[in-house]
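Worksheet: the structure to be examined is printed underneath.
Per chain, numbering begins at 1; letters A, B, ... match sequence-line order.
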Protein chains: 2
Amino acid sequence: MPPAVTDPSSLTLQPVVQQSTPMMIAARVRTAIARGDFPPGAQLYEAELARQLGVSRGPLREGLQRLTQEGLLVSIRHRGLFVVELTPENVRDMYLAREAIERCAIAVVVERDPQGTADALQPVLDEMTLAADRSDYRGVAEADIRFHEVLVDRAGSERLARVHATQATEARVCIQALGQSPQDALLRVEEHQRIADAIRAADGPLAQSLLAQHMADAVADLTQQPREAPAG
Amino acid sequence: MPPAVTDPSSLTLQPVVQQSTPMMIAARVRTAIARGDFPPGAQLYEAELARQLGVSRGPLREGLQRLTQEGLLVSIRHRGLFVVELTPENVRDMYLAREAIERCAIAVVVERDPQGTADALQPVLDEMTLAADRSDYRGVAEADIRFHEVLVDRAGSERLARVHATQATEARVCIQALGQSPQDALLRVEEHQRIADAIRAADGPLAQSLLAQHMADAVADLTQQPREAPAG
DNA sequence: CAGATCTCGATTGTCGACAATAGTATGGCC
DNA sequence: GGCCATACTATTGTCGACAATCGAGATCTG
């Protein structure tokens, strides 16, 4: 056999299209919802969406079914599909589920590769810090999401990642629907930094309890219930 | 206003049809897969399935999209839909995700209502014991699933429950594809009883570690890797 | 006879049209 | 004037048909 031009494993030219159309549609709509184009409670009209995306209603409906299965949309028969509402109860449930997944992710990465994970987390933290310094709350929020995404991805679990992807979108919806103050942003950066430090130190329980505190703070903010304020 | 016949909240007569057709289709197919009608790796043919269920391919595809989103089916473009394979890696990942969810459920129920949860678990345990006594491994497996379902439902979280529903189906597929020995059945009953006891004692960490051990045992069985055998 | 190429069948992917339903606006009645 | 019944409209739910793609078997060539 004549020698190949290069090692086949190195030129990895990826397939042109691999994922199904409904999957891509779901991704698009998910992003749009996360961006705030469709606020919580808004109805999604099939005909218009299909027109905008340049597809028929068939594939569109299949993609929307996926988002409904994820819980991002709620379907009312013969009425339509609506973006999930952010009731306090819903928010608490969202963060409960997120905590379940991320606690597991922490346990795995601490066991597997705490250093590498902390290293992967650091650039995200730097970006978050930068965004906080220039009062770019949107940027802080995006980095926040990315932090948790990186954390879960590092666990290397397909299922954890899939569940978390849904939760991250819901989290984005929360953040979108929420203004932020400078002290909140700084607190958030601080919390994430501590979690990363605990992971680097391979202290799973500490990282998990810091995570829980972080989540509790976020829920308190979102549900507008005053958390225990420090005296003074 | 004349007094109502009875308290409206007590006569809860549910709507005739409320859930969407794709949702019902997904439930049917999910059950069929759990029952073993479609073994792991089998292809699902749209036309035939649609004919059997008495619906068109449109709604059927929408329902199947849900199962694909759940991870129970895998889609290959222009090839078809296949039931997920039970590779060792897959099994490990499945149980990792299950453990994440159920640890959280335990934490919640221990905090909330350990007694009530233990009481709700007891009949399932009794049934499991009975099944084990008469060597009804299928019955043991069903009770096993039910145990975890009750546990998660008791946490009262919509998201946890939804994620777990998927995982329970995958677990059913595992169990379906697995023979059992008498000593395994007895061990399993024992493990579940201890978890329930720990929950009744409101000892969250103990219950969680027992759960972890239980899951590890199951994975060891399923992946056919010998777990550390007690000497003797 | 081995290998590659071509053709055919089956299955999936996509679309447009029709039917059914819920909400809305209008008209009539008390 | 207020309330109920009715017709209408917009949207969703469903279906059948057509197009695109892949795999397998047959065919041809060296």
Checklist entry - With sugar-phosphate meaning primed atoms plus P, OP1 and OP2, does Ser20(B) contact a base, only sugar-phosphate, or nothing at under 4.0 Å between heavy atoms? => result nothing

Item to check | Of Leu64(A), Leu81(A), Leu72(A), Val83(A), the residue whose pairing with Val29(A) passes side-chain contact (heavy atoms from CB on, under 4.5 Å) | outcome: Leu64(A)

Item to check | Trace of the side chain to side chain donor-acceptor pair (under 3.5 Å) decision for Arg98(B) with Gln167(B) | outcome: CA-CA 6 Å; Arg98(B) 275 188 68 187; Gln167(B) 297 174 342; 5.3 Å; no

Next on the checklist: Below the 4.0 Å mark, does dG13(C) have OP1 or OP2 next to a side-chain nitrogen or oxygen of Arg61(B)?
Outcome noted: yes

Checklist entry - Which one, dG16(C), dC15(D), dA17(D), comes nearest to the side chain of Arg57(B)? => result dA17(D)

Next on the checklist: Rounding to an integer number of Å, can you tell me how far Leu60(B) CG sits from dG13(C) P?
Outcome noted: 12 Å

Item to check | Asp136(A)/Arg138(A) ion pair, N-O < 4.0 Å | outcome: no

Next on the checklist: Any base atoms under 4.0 Å from Leu44(A), or only sugar-phosphate, or nothing? Heavy atoms, all strands.
Outcome noted: sugar-phosphate

Checklist entry - Do Glu70(B) and Arg162(A) sit within salt-bridge range, that is, some charged N less than 4.0 Å from a carboxylate O? => result no

Next on the checklist: In whole Å, I'd like the distance from the CD atom of Glu46(B) to the P atom of dA17(D).
Outcome noted: 17 Å

Next on the checklist: Heavy atoms only, 4.0 Å cut-off, all strands: where does Gly80(A) land among base, sugar-phosphate and nothing?
Outcome noted: sugar-phosphate

Checklist entry - Under the side chain to side chain donor-acceptor pair (under 3.5 Å) criterion, do Glu191(B) and Gln213(B) qualify, and how do the steps go? => result CA-CA 9 Å; Glu191(B) 283 177 340; Gln213(B) 186 58 48; 5.6 Å; no

Checklist entry - Does OP1 or OP2 of dT21(D) have a side-chain N or O of Arg77(B) closer than 4.0 Å? => result no

Next on the checklist: Of the listed nucleotides (dG13(C), dT14(D), dC15(C)), which one gets closest to any side-chain atom of Thr21(B)?
Outcome noted: dT14(D)

Checklist entry - If you pin Leu81(B) and Arg79(A) to their nearest nucleotides in DNA chain C, which one's is more 5'? => result Leu81(B)

Checklist entry - Atom CD of Glu48(A) and atom P of dA10(D): how far apart are they, to the nearest Å? => result 14 Å

Checklist entry - What is the distance from CD of Gln43(A) to P of dT11(D), rounded to the nearest Å? => result 8 Å

Checklist entry - Between atom CG in Leu53(A) and atom C1' in dC15(C), what is the gap in whole Å? => result 16 Å

Checklist outcome for this item: In whole angstroms, the gap separating P of dG23(C) from OH of Tyr45(A) amounts to 12 Å

Next on the checklist: Output the rounded distance in Å from CD (Gln65(B)) to C1' (dT14(C)).
Outcome noted: 13 Å

Checklist outcome for this item: Rounded to whole Å, the NE2-P distance (His78(A) to dT11(D)) equals 15 Å

